[in-house]
Amino acid sequence: MRRLKNAFAIVFFLLMGVSFPLAQASTYLLPPPGDNLVGAIQSVTARHEDTLSDIARQYDLGYDQITAANPEVDPWLPGEGTRIVLPTEYVLPDVPRQGMVINLAAMRLFYYPPVQAGQAPEVITYPIGVGREGWGTPLGKTRITAKLVDPSWTPPESIRKEHAENGDPLPAVVPAGPDNPLGQFALRLALPGYLIHGTNKPWGVGMHVSHGCIRLYPEDIAALFAQVPVGTPVLIVNQPWLLGLDNGHDYLQIFSQTSEPPEPQIQKAFSAWLARHLPPGKAIDSSIAQRWLKAANGIPEPL
């Protein structure tokens, strides 16, 4: 259902020629050892002219991220005076805090820059667009092998065939410029054919719309590009369920699945995951847990 809503959103943005305010970077001090929660939930009041995509980009959120947190709000006509929840609180991925970590389920990239002398360790997080069904972004370890400014795009034959079948033929090489879907900056991965790049369609950030590459808002890729050296390790994971800990308090953060297996299968896997990961002595009512699983709003819920 969410993918169907995304398709409507894409058509709307194209027809309306939507423009957006630029994103605010999300940089946080790393929590102490044992804790893994950063940021805080916020809210804003919509103006008459706002869409949820306007607000999402302004606060460095993705489209699915903000719509999941505001399920009762019309994405393109929120209405003046409507309270909009900003899900700007994150449980860090359950992996070592080094290099770049991409959680496909959260549709967010987490970058842990090298710690400079006299500075506290930080994490910088950005929303991303990822591969759509049939073009999934691969999981695993890789690294940044090259940094490209104004990259040209050589679409593979499979993508050229798809575009031709849709009446939108592509040239063998798309030069740098406003029609190039890679945007102005790209980070090449050791995974053949995969990039972390900008986009000429920023409304797609926070959706499953790419052919497997990872896309960022133009201003976000520019900032990331300036910081990340060649050789930076990259770990791509899919963690839709995360347990958070903040100053002795436990939280559960749930994101929508990157694929859509049958609901009973998800429920069974989720129950098994909870049994393995809940802290000793902690329990959660099964009906509450299943309600949170169904909502998958990406907001850390206190246990």
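Treat the numbers as computed from the prediction; the structure is a model and nothing was measured. Atom set for the values below is all heavy atoms of this structure, side chains included, hydrogens, waters and symmetry mates excluded. One-based numbering along the sequence shown.
Shown here is Asp94, whose CG atom has no more than 12 heavy atoms of other residues, nucleotides or ligands within 6.0 Å. With a 6.0 Å radius and a threshold of 12 heavy atoms from other residues, nucleotides or ligands, Glu89 has its CD atom above the threshold.
At least one donor-acceptor pair closer than 3.5 Å links the side chain of Asn70 to the backbone N or O of Ile66. Formation of a donor-acceptor pair under 3.5 Å by the Lys147 side chain with backbone atoms of Phe225 is found in this model. Side chain of Asn36 to main chain of Leu243: a donor-acceptor pair is present (N/O by atom type, distance under 3.5 Å, no hydrogens or angles). A donor-acceptor contact shorter than 3.5 Å is absent between the side chain of Asn297 and the backbone of Ala68. Side chain of Gln65 to backbone of Gly62: a donor-acceptor contact under 3.5 angstrom is found. The backbone N or O of Gln253 sits nowhere less than 3.5 Å from a side-chain atom of Glu301 that would complete a donor-acceptor pair. Listed for the Ser271 side chain is a donor-acceptor partner under 3.5 Å among the backbone atoms of Gln267. Side chain of Asn180 to main chain of Gly177: no donor-acceptor pair is present (N/O by atom type, distance under 3.5 Å, no hydrogens or angles). Checked by atom type and distance alone, the side chain of Asp246 never pairs as donor or acceptor with a backbone atom of Leu37 at under 3.5 Å. Side-chain atoms of Thr27 never come within 3.5 Å of backbone atoms of Ile124 as a donor-acceptor pair (strictly under, hydrogens ignored).
Leu191 contributes atom CG, which lies 10.0 Å from atom SG of Cys213 (distance to the nearest 0.5 angstrom). With values rounded to the nearest 0.5 angstrom, Ile214 atom CD1 is found 3.5 Å from Ile102 atom CD1. The structure places CD1 of Ile55 at 9.0 Å from OG1 of Thr45, a figure rounded to the nearest 0.5 Å. The line from NZ of Lys268 to CZ of Phe270 is 16.0 Å long, rounded to the nearest 0.5 Å. Taken from CD1 in Ile128 to CG in Leu216, the straight-line distance is 7.0 Å, to the nearest 0.5 Å. One distance of note links CG of Asn103 with CZ of Phe255; it measures 6.5 Å at 0.5 Å rounding.
What you find for Ala283 and Leu278 is that their closest heavy atoms are CA-CD1, 4.3 Å. Nearest heavy atom pair, residue Val91 against residue Leu242, reads O-CD1, 3.5 Å. Closest heavy-atom contact between Val230 and Ala146: CG2-CA, 4.1 Å. Heavy-atom minimum distance, Leu303 versus Lys282: O-NZ, 3.7 Å. Residues Lys201 and Arg215 approach most closely at O-NH1, 4.3 Å, considering heavy atoms. A pairwise comparison of heavy atoms in Asp60 and Tyr90 identifies O-OH, 4.5 Å as the closest pair.
No side-chain heavy atom of Glu49 sits under 4.5 Å from any side-chain heavy atom of Glu80. Put simply, the side chain of Pro138 reaches to within 4.5 Å of the side chain of Tyr194, judged on heavy atoms. Looking at heavy atoms from C-beta onward, Leu104 lies out of side-chain contact with Val237 at the 4.5 angstrom threshold. Side-chain contact between Leu182 and Pro151 is present, with heavy atoms from C-beta onward closer than 4.5 Å. Counting heavy atoms from C-beta on, the side chains of Pro218 and Asn200 never come closer than 4.5 Å. Looking at heavy atoms from C-beta onward, Thr125 lies out of side-chain contact with Tyr111 at the 4.5 angstrom threshold.
For Leu30, the side-chain contact (heavy atoms from CB on, under 4.5 Å) partners two or more places apart in sequence, or in a different chain, are Leu92, Arg97, Tyr112, Pro121, Val123. Under the ring pair (Phe, Tyr, Trp, His ring centres under 6.0 Å) criterion, His277 pairs with Trp273, not counting sequence neighbours. Evaluation of the side chain to side chain donor-acceptor pair (under 3.5 Å) rule for Asp250 yields no partner, not counting sequence neighbours. In this structure Ala190 satisfies the side-chain contact (heavy atoms from CB on, under 4.5 Å) test together with Thr142, Arg143, Thr145, sequence neighbours excluded. Considering only residues two or more places apart in sequence or on other chains, Thr82 meets the side-chain contact (heavy atoms from CB on, under 4.5 Å) condition with Ala46, Val73, Ile84. Remark: Thr88 engages Gln42 in a side chain to side chain donor-acceptor pair (under 3.5 Å) (not counting sequence neighbours).
Note: the hydrophobic cluster containing Tyr28 also contains Phe110 (ILVMFWY, side chain heavy atoms under 4.5 Å, direct or indirect links). Criterion: ILVMFWY side-chain heavy atoms under 4.5 Å apart, direct or through other members. Under it, Met100 and Leu139 are part of a common hydrophobic cluster. Using a 4.5 Å cut-off between side-chain heavy atoms of Ile, Leu, Val, Met, Phe, Trp and Tyr, with links allowed through other members, Trp241 and Ile299 fall into different hydrophobic clusters. At a threshold of 4.5 Å between side-chain heavy atoms, the hydrophobic network of Ile, Leu, Val, Met, Phe, Trp and Tyr places Ile266 and Ile288 in one connected group.
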Please test His197 against Phe185 for side chain to side chain contact (heavy atoms under 4.5 Å, CB included), starting from the C-alpha separation and ending with a verdict. CA-CA 6 Å; His197 61 81; Phe185 303 97; over 6 Å; no
Show your working on side chain to side chain contact (heavy atoms under 4.5 Å, CB included) between Leu109 and Val101 and close with a plain yes or no. CA-CA 6 Å; Leu109 180 155; Val101 178; over 6 Å; no
Begin with the C-alpha distance, continue with both residues' side-chain angles, and end with the deciding distance and a verdict on side chain to side chain contact (heavy atoms under 4.5 Å, CB included) for Arg108 and Leu61. CA-CA 9 Å; Arg108 291 201 74 89; Leu61 300 167; 4.1 Å; yes
After noting the C-alpha distance and the side-chain angles of Arg188 and Ile196, does the key distance pass the side chain to side chain contact (heavy atoms under 4.5 Å, CB included) rule? CA-CA 7 Å; Arg188 189 180 301 282; Ile196 299 170; over 6 Å; no
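Ring pair Tyr63/Trp203: centre-to-centre distance not below 6.0 Å.
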